[in-house]
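Chain naming here is simple, since letters A, B, ... match the order of the sequence lines and numbering starts at 1 in each.
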2 protein chains.
Amino acid sequence: MNASSADSAPQDSEPHPDGKLTRARMLACALEMVDREGIDKLSMRGLARALGRDPMSLYRHATNKADLLDGVAETVLTELTVDSTDTDWIAQLRAVARQFRRIALTHPHVVPLLVTRPLATPLALRPRGTLRPLEDILALLTQAGFSGADALHIYRALFGFLHGHILNELQEIVEKPEETDDLLRLGLHRLPIHEFPHLRGLASVLAAYDGAAELERGLDILLAGLQSVTTPAI
Amino acid sequence: MNASSADSAPQDSEPHPDGKLTRARMLACALEMVDREGIDKLSMRGLARALGRDPMSLYRHATNKADLLDGVAETVLTELTVDSTDTDWIAQLRAVARQFRRIALTHPHVVPLLVTRPLATPLALRPRGTLRPLEDILALLTQAGFSGADALHIYRALFGFLHGHILNELQEIVEKPEETDDLLRLGLHRLPIHEFPHLRGLASVLAAYDGAAELERGLDILLAGLQSVTTPAI
DNA sequence: GACTGATGTCTACACCGTAGGTCTACGCAT
DNA sequence: ATGCGTAGACCTACGGTGTAGACATCAGTC
């Protein structure tokens, strides 16, 4: 039956995994591929190949490639859970921040999606899972006595910082990990000494970057500031 | 002569603007297109069409599409100037921050490039124009008496905040600007009331977002913190 | 059985990035 | 003048891409 047409062989990993193709399964596979090879290596055809399906079947579960990417971002962000009943809002925000960092480090290739996708879509049209953390944090903070405006403010401050931090941390790419000398390891020797004297001088400092510590320091400052400036009515 | 082949007509805006095609001219045109239609509408072929050249000529001035995108990001970032001789480092950092915001708002479609491109490239391989602000700020701060490590720290804090802020501010997309009611203007009525009660309640606050003020407030806090925590030896 | 809707498949189209080759024009040593 | 090297522009062609549109299959309901 079904002699394969002129296209490539349709079965790679598995012909038809077991049952139907669901959006969740599709997104999981897409996420896996993105984690492995980066965003722009993800194509509808490639994804279909990995799923053992026809490329066009994907369009039953995502209207678009854009929609698929939204789905991937949403999937990742669902790993972020906020306990909006926690009475210690500071501790809870700290926990959220750590979770977010962990997620970003686990899926570095998805981070561009996370920070970039919302720029194209009005808030209300964004995937619901993407808005969940916002709503939950608003709940947490109003529960703690903040006004809606202040709660929104705090959310923005936290995620602004978080996004900034993650973008900083993910830039730490080592060019030749096997090299022992910091200057060579980071490839800084390429930079002309006359043009970038300070930067070249910082090889050892750059090499010693500690993202986790950095996050904690930033959180200390930020949360202390938030607590002192706008203390909720108890 | 030269009856056009099966491809499209090669002359659109101008056949051969005036002289040779330079990298600068190419990048300027690319930036213009990105500003107008967004990043993923930019194609080598489209760019060539806009320049009135053959698509392949572009490869004389950019090895890659990736290289071209790097060039666009670099072009934009060159608008950012740091006066590293300024003795008032706080005022200078503030000025840099304001410039950066202005640039980001002028070229919103380039922001994804700005924040996303460095994630893929080791620091030393990034376009030089991209590293200029970093080097200059390091110069500014060491001039002011900071150690290299502290200077780097301050740079990171500033740009972390800046990136976070811009990503926040650019998310403020109004769905239907002509609508007067905030809830409808932002499209928030789509969100199910039971799932997003807090978010829906914040329509007026969301609508009143003021990016410039927000930036200043953040800068006040950040710069005050930096000044008090790590004051340079005078 | 007939109908309906969801799901999968096939074909086809317009477009993409770019490897490889060729044609032309110019600067420069001979 | 001659020849040569080189830089710029162009053409063709290949293998990919996202997805519209038509058709096929099947589950469940009347």
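Straight-line distance from the CZ atom of B:R49 to the C1' atom of C:dC16: 11 Å, rounded to whole Å. For A:L42 and D:dG16, the CG to P distance is 16 Å, given to the nearest whole Å. Whole-Å rounding puts the B:L21 CG to D:dC10 C1' distance at 13 Å. Note: CD (B:E37) to P (C:dC15) measures 14 Å, nearest angstrom. Taking atom CZ of residue A:R60 and atom P of nucleotide D:dT25, one finds them 15 Å apart after rounding to whole Å. At whole-Å resolution of the value, OH in B:Y59 and P in D:dA7 are 20 Å apart. Spacing between atom CG of A:L47 and atom C1' of D:dT17 amounts to 14 Å, rounded to whole angstrom units. Regarding B:D40, its CG atom lies at a distance of 15 Å from the C1' atom of C:dG17, rounded to whole Å.
Side-chain contact between B:E74 and B:D70 is absent, with no heavy-atom pair separated by less than 4.5 Å. Annotation: side chain of A:M26 is not in contact with side chain of A:R53 (no heavy-atom distance under 4.5 Å).
Side-chain N/O atoms of B:R53 include one lying less than 4.0 angstrom from OP1 or OP2 on D:dA9. Contact check, B:N64 against C:dG17: no side-chain N or O comes under 4.0 Å of OP1 or OP2. Regarding contacts with the backbone of C:dA6, every side-chain N or O of A:H61 stays at 4.0 angstrom or more from both OP1 and OP2. Close to C:dG17, at under 4.0 Å from its OP1 or OP2, lies a side-chain N or O of B:K65. Dashed line: the shortest gap from a side-chain N or O of B:S57 to OP1 or OP2 of D:dC10 is under 4.0 Å.
Ring geometry for B:F159 versus B:H163: interplanar angle over 60°, hence perpendicular rather than tilted (30 to 60°).
Distances were taken from every side-chain heavy atom of B:M56 (C-beta onward) to each of D:dG18, D:dA9, D:dT12; the shortest belongs to D:dT12. When each of C:dT9, C:dT18, D:dA9 is scored by its nearest atom to the side-chain atoms of A:D54, the top-ranked nucleotide is C:dT9.
Among the heavy atoms of the strands lying under 4.0 Å from A:M44 are primed sugar atoms or P, OP1, OP2 only; no base atom is included. Contact annotation for B:S43: backbone-only contact, meaning every heavy-atom pair under 4.0 Å involves sugar-phosphate atoms and none involves a base.
Residue side chain B:R45 reaches the base of C:dG17 through a donor-acceptor N/O pair under 3.5 Å, judged by distance alone.
A:Q92 places no side-chain N or O within 3.5 Å of a backbone atom of A:S84 that could act as its donor or acceptor partner.
Taking each heavy atom of B:E135 and A:E195 in turn, the nearest pair found is CG-O, 3.5 Å.
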